[in-house]
Amino acid sequence: MNPTPPPDRAASQVPTVVWSYRRTGKFAFHVLTGALESDPARPAPPIEFAIGPDHVVRAVRAALAGGHPVLVGWSFYSPDFLAMAAELRAMRAQIEDPRVLHVAGGVHATAEPLATLEAGFDLVAVGEGEHTIRALVAALAAGQDPRGSQGVAWREAGRLRTHGRAPRTDLDTFPPFAPAHGRVGPIEITRGCIYACRFCQTPFFAGARFRHRSLASIRTWLRALVALDLRDYRFLTPTSLSYGSEGPEPDLAAVEALLAMAREEIGSRRRLFFGTFPSEVRPEHVTPQALALIRRYADNRTLILGGQSGSDRLLERSARGHDAAAIERAAALALESGFQPHVDFLFGMPGEDADDVAATVALMDRLVARGARVHGHTFLPLPGTPWRRAAPGRIAPELRRHLLTLASRGQLYGQWQQQESVAHALAGRQGVSGTPGTSTLPS
Ligand code: SF4
């Protein structure tokens with residue numbers, strides 16, 4: 001893409017937006033691009049999706065050569081923070097220009113704004129980004145100080161200054177992606193989560209309440225995807241069977257209305273996915289009725305279940321809101337209905353002891369014996385969560401051997417080994433306390 005500004009904005013201050021675009025988190029950039037595309041107050045500024053530092057530098061130089069300010073947007077998860085800070089330093093060594101504004105957003109920057117600013121970013125977009133990106137572009141276009149925008153934080157005399165979080169987004173008033181830029185993805189149908197799992201950043205970032213996109217809005221964006229003749233259609237939500245519900249009880253009528261409408265829109269030759277990547281299902285929501293709906297309307301025959309542990313003690317301690325029996329019941333029901341369950345497990349949660357590990361291993365073994373697969377994770381003390389200062393997850397040699405055996409049979413997959421190193425790096429940055437979550441099998 002050519003980032004050179006068009007001639008009709010040559011005399012203006014309309015910024016070029018350069019996304020430091022990465023595979024992880026790319027959908028966040030699509031959402032922000034959609035917010036700019038749909039801004040009723042002004043046309044979208046030129047936007048570059050720059051992959052890698054060299055591309056970002058080229059895009060920034062080209063925009064500066066046109067005499068315009070540049071907003072470089074960054075969004076990253078906590079494990080990537082140090083790498084992103086290093087990329088920023090390298091970039092600043094090549095281009096240090098007051099017309100370039102480096103803005104970091106997303107869950108990590110929101111949870112750790114001061115540390116993010118100290119790493120060299122000019123501004124942090126605190127909270128959800130749709131309103132903030134519009135406000136920042138408007139401020140730059142008007143030649144105003146972007147620090148006046150709601151939802152930003154900055155550093156002044158070494159201290160954090162902020163106007164607080166951006167307003168929460170009404171999903172219906174923003175697109176879920178950016179069709180005009182050819183950047184699409186899953187349709188976000190629900191944001192926020194009423195559950196409060198102690199390891200999870202979602203309720204902290206997006207609030208402890210469900211905000212659902214209406215059927216009318218989902219229909220609009222399904223049609224936009226159908227116009228591109230995509231084959232696969234997916235939804236984004238923290239908990240698939242919570243669509244339309246305000247509380248813990250699923251509203252299956254709302255789920256059916258969603259699935260029936262989606263099927264009607266996409267027709268029979270395209271594929272609809274529900275309760276699988278990139279969204280999962282809570283085990284206690286799995287019933288024969290819910291499974292029948294998914295079978296009737298969706299094409300996936302895998303189901304992603306949030307399990308996390310075989311230990312009732314740890315499930316309660318982590319505030320998951322279900323017990324281990326619910327996981328086993330959900331997996332059994334799924335298998336009976338012709339789905340292969342992929343069950344998420346989280347190893348090394350704070351306070352995990354040998355008995356907890358034994359319970360988890362026993363549950364994983366029973367599940368895989370019936371035909372389920374395990375998706376393994378290692379506990380990360382993530383900023384913004386109640387367990388941010390807990391000890392990083394560790395996996396003892398005996399458990400590691402067991403997990404590797406499951407993996408060698410194709411019964412387990414996931415990034416659990418890499419996450420163990422990441423967990424220690426994270427904990428080293430933010431200090432730890434409490435009992436280490438050491439995954440050890442009983443001797
Ligand atoms: S883990 Fe899932 S259910 Fe729990 S708080 Fe996070 S998004 Fe909600």
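This structure is a prediction, so every number in the text was calculated from the model and none was measured. Atoms within each ligand, like the ligands themselves, are counted from 1 in listed order.
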Legend entry - Interfacing atoms of ligand 1 (cut-off 4.0 Å, heavy-atom, Arg282): 3 (S)
Inset, instruction - Mark up the atoms of ligand 1 that fall under 4.0 Å of a heavy atom belonging to Cys193, in ascending order. - result: 3 (S), 5 (S), 7 (S), 8 (Fe)
Legend entry - Ionic contact status for Glu265 with Arg219, cut-off 4.0 Å: yes
Legend entry - Protein heavy-atom partner closest to atom 6 (Fe) of ligand 1 - residue, atom, separation in Å: Cys200 SG, 2.3 Å
Inset, instruction - Would you confirm whether the ring centroid of His163 sits within less than 6.0 angstrom of the ring centroid of Trp154? - result: yes
Legend entry - ligand 1 contacted by Pro203 (non-hydrogen, < 4.0 Å): yes
Inset, instruction - Using ring-ring contact (aromatic ring centres under 6.0 Å, His included) as the criterion, list what pairs up with His377, not counting sequence neighbours. - result: His375
Legend entry - Asp232: salt bridge (Lys or Arg N to Asp or Glu O under 4.0 Å) partners, not counting sequence neighbours: Arg271
Legend entry - Contact check, Arg320 vs ligand 1, heavy-atom distance below 4.0 Å: yes
Inset, instruction - Check each atom of ligand 1 against the heavy atoms of Pro238 and keep those under 4.0 Å away; list them by number with element. - result: 7 (S)
Legend entry - Metal site atom 4 (Fe) of ligand 1: N/O/S of Cys197 inside 2.8 Å: yes
Legend entry - Side-chain (Gln201) to main-chain (Pro383) donor-acceptor, under 3.5 angstrom: yes
Inset, instruction - Give me the one residue out of Arg263, Arg270, Arg269 that meets salt bridge (Lys or Arg N to Asp or Glu O under 4.0 Å) with Asp299. - result: Arg263
